[in-house]
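Here is the structure we will look at.
Note on naming: letters A, B, ... go to the chains in the order of the sequence lines (proteins, then strands), and numbering restarts at 1 for each one.
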Amino acid sequence: MFLDFMSEVEGLLTAALDRCGLKVDEGVNHLALEFSPHADIASSVSFRLAPLLKKSPALIAKEIYQALPKERRHVDRAELVGPYINFFMSCSFLHMVLEQALADDCWTGRQRQNVIVEHTSANPDGPLHVGHIRNSVIGDTLVRILRRAGCTVDAQYYVNDMGRQEAMVVVGCDHFQLDGSKADHAIAKVYIAANKLMEESDEAKARIKAEADLVIRRYEAGDPQIEAKIKSAIRYAIGGIEETLHRMNIRHDSYHWESEFVRSGSVAEIVGDLEKTGLTEWEDGAYQLDLSAHGFEKKMVLRRADGTSLYITRDLAYHKWKAANSDRAVDILGADHKLVSGQLRAALRLLNIREPEVVIFEFVSLPTGSMSTRRGKFISADELLDQVEKQAFEEVSVRRPDESEDFRRDVARQVAVGAVRYDVVKVSADKATTFDWRQALDFEKLSAPFIQYSLARACSILRKGEETEATREAKHLDPGLLTGENEVALLKKIAEFDMVIDRAARELKPHQLATYARELAEAFNLFYRYSPVLDAPEDLRSARLALVRAAGNALRVTLETLGIPALETM
RNA sequence: GGGCGCGUGGCCUAGUCAGGAUAAGGCGGCAGCCUCCUAAGCUGUAGAUCGGGGGUUCGAAUCCCUCCGCGCCCGCCA
């Protein structure tokens, strides 16, 4: 929709520049297109040409303006305002938007790549906390955005089964009993307890560390007894983690365990490949890769002194596999992984393996400081969801006191999922945040319920409007009646959907969709407030009803792409 | 100490990558709107040295330099 309008504008401008014998350097946005309150899209390309032509921008803009081809489909008119050329959408374009938005096939884009998105990948040593879910929500939203853009996506969870953390879980299970709480929480308790044990004395610390080291060595060597222990602890923890993820509408398509890559020999193979670069050496007893030529002071350790592999070595093998099995590989990682992910990419570059696209998100901290599973200092995702759901239940009970408790519980659950997801996704990934209960429990304008509510309003109109409409014979729809300011603004906002998705999918910026969702809901609410539908004269009523259906589709698809339940009533 | 990221009204954020026409929202404050399709909504109002300073440019929240503040990292952890 909007992309069609934009490419026509690009075509017009390119043709006009050509006719004038003007050239602008190729590059991103070389036509200087920009969004503007003065136009549907504007170009300030005249400024770029002014220094070259030594003429005033206004004069250049005038020449270009006069050379614009007259045959147009989506562009109604262009206006010359000083140095700016403003383009406006035609009525027929808006009619096309309405018609397309009433159907199903305009909501999926034309990107056709196979994409692997790895997200969450939290160590199975405890429940997800409010920091982890930033990863999960950003990751899952990107999965949905990429699918919406037309890609085939495999969402993957990388299971760290060979690391020290997991060995500590096994040590914890040896010393303490798992209690009856939710699986991931029960695992966290023994893990925290084992870590506490280490603080008792130097002797205890050495003893526990030795136990963990032994677990690591035996597991890497393929000891079946240890393997059974680790796998069962991990499956148990992941079961709990999955339960939480499912509660938030998040699902992984496949799981890859790091041990896979050790057992298959691909870790050894990639270490061998790195050896051939001549940049590796045994130093201080460990096998290291020198990346100083690539801007990394720190050497990358590939093997411990005892020969066992490290996280980053195994990750290298995993990424080699990902590169071979996708067109794009996307990693969602916390800010603490900046350095290692940089080293990882540098090492892959050395081997001529396509690098992953890495989305880094900054930390979520508590008002009291940073979170830590090991120290038991965190707010779990389950606790957050429970609290938000409780608050939502109270609010829905105030608003819909006559509805059954089942209805209110159901709405509260869906509102809570949306509120939590939207709260996370609305903030740009490169902003560090502090978790705030008051904000998490606020369901007003800058939140998911605001958007869900707009859809519920649309659905309510449709329920009432279409039972009478259905009895009439199919009648001619005249979109030309939708000329009100709010109606046109709503149509234009609906049209933007494809561009927002396309851009978010290319730039991997899910918060752009969150911003769009809010704007779409605002546009609908203004229309709702000022353009009565059911009480309008017959023809206008039909046209507005169609607009409500179109806006409802846009809201529904937008919410689904954000992983937020699209409620028909609330 | 070095590397990366961030700094926008009292608070939270969009806009920064691709510099342009009056800095955009929310929360909180104040003042309004339910005989009218769900008021989780809508309207108005007050409130900003876009961290400070320099530079590039016709034009800088946006690009460059520098300083300050905050976060993350600099493990044979992940």
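- Aromatic ring centres of A:Phe497 and A:Phe2 lie farther apart than the 6.0 Å criterion allows.
- Nucleotide B:C74 holds its C1' atom 19 Å from the NE2 atom of A:His294, rounded to whole Å.
- When heavy atoms are screened at a 4.0 angstrom cut-off, A:Glu507 is found touching base atoms of the nucleic acid.
- A cation-pi arrangement is not found for A:Lys299 relative to A:Phe296, the charged atom failing to lie both closer than 6.0 Å to the ring centre and inside a 45° cone about the ring normal.
- Between A:His337 and A:Tyr311, the ring-plane angle classifies as perpendicular under the 30° and 60° cut-offs.
- B:C34 is unpaired under the criterion used here, namely a Watson-Crick or G-U wobble arrangement in which both key atom distances are under 3.5 Å.
- The same atom, P, is picked in B:U16 and in B:G59; the two are 22 Å apart, to the nearest Å.
- B:A21 and B:G69 have their C1' atoms separated by 34 Å, given to the nearest Å.
- Taking atom CZ on A:Phe435 and atom P on B:G71, their separation rounds to 20 Å, with Å as the unit.
- OP1 or OP2 of B:G7 sits under 4.0 Å from a side-chain N or O of A:Lys431.
- Nucleotides B:U35 and B:G51 are separated by 46 Å at their P atoms, to the nearest Å.
- Of all nucleotides listed (B:G41, B:A14, B:G25), B:A14 comes nearest to the side chain of A:Thr515.
- If you take CG of A:Leu559 and P of B:A40, they are 17 Å apart, rounded to a whole angstrom.
- Using a 4.5 Å cut-off on side-chain heavy atoms (C-beta onward), A:Leu462 and A:Leu545 make contact.
- Atom P of B:U13 sits at a distance of 28 Å from the matching atom of B:U22, rounded to the whole Å.
- Here B:G75 sits opposite no nucleotide as a Watson-Crick or G-U wobble pair (both hydrogen-bonding atom distances under 3.5 Å).
- Taking atom CD of residue A:Gln288 and atom P of nucleotide B:G75, one finds them 11 Å apart after rounding to whole Å.
- Classification of the A:Trp437-A:Phe435 ring pair by plane angle, with boundaries at 30° and 60°, yields perpendicular.
- As rounded to the nearest Å, B:A14 and B:A24 have C1' atoms that lie 7 Å from one another.
- Between the P atoms of B:C6 and B:C64, the separation comes to 11 Å (whole Å).
- The NZ atom of A:Lys209 sits 10 Å away from the C1' atom of B:C77 (whole-angstrom rounding).
- Here B:G26 presents its P atom at 12 Å from CG of A:Asn525, a figure rounded to the nearest Å.
- Annotation: B:G75 and B:C12 have their C1' atoms spaced 36 Å apart (nearest Å).
- Remark: B:G5 base-pairs with B:C70; criterion is Watson-Crick or G-U wobble with both hydrogen-bond distances under 3.5 Å.
- The pair A:Glu394-A:Lys390 fails the salt-bridge criterion, with no side-chain N (NZ, NE, NH1 or NH2) lying under 4.0 Å from an Asp/Glu carboxylate O.
- Candidate nucleotides B:A78, B:A21, B:C27 were compared by shortest atom distance to the side chain of A:Glu444, and B:C27 ranks first.
- Separating the CD atom of A:Gln343 from the P atom of B:C77 is a distance of 14 Å, rounded to the nearest angstrom.
- Pair assignment for B:A24: B:U13, on the basis of Watson-Crick or G-U wobble contacts that are both within less than 3.5 Å.
- Here the side chain of A:Arg503 is nearest to one of B:U22, B:A78, B:U16, namely B:U16.
- B:A21 atom P lies 16 Å from atom CD1 of A:Ile85, rounded to whole Å.
- Across the C1' atoms, B:G47 and B:G9 are found 5 Å apart, a figure rounded to whole Å.
- Taking a pair to require two hydrogen-bonding distances under 3.5 Å in either a Watson-Crick or a G-U wobble arrangement, B:U45 pairs with B:G29.
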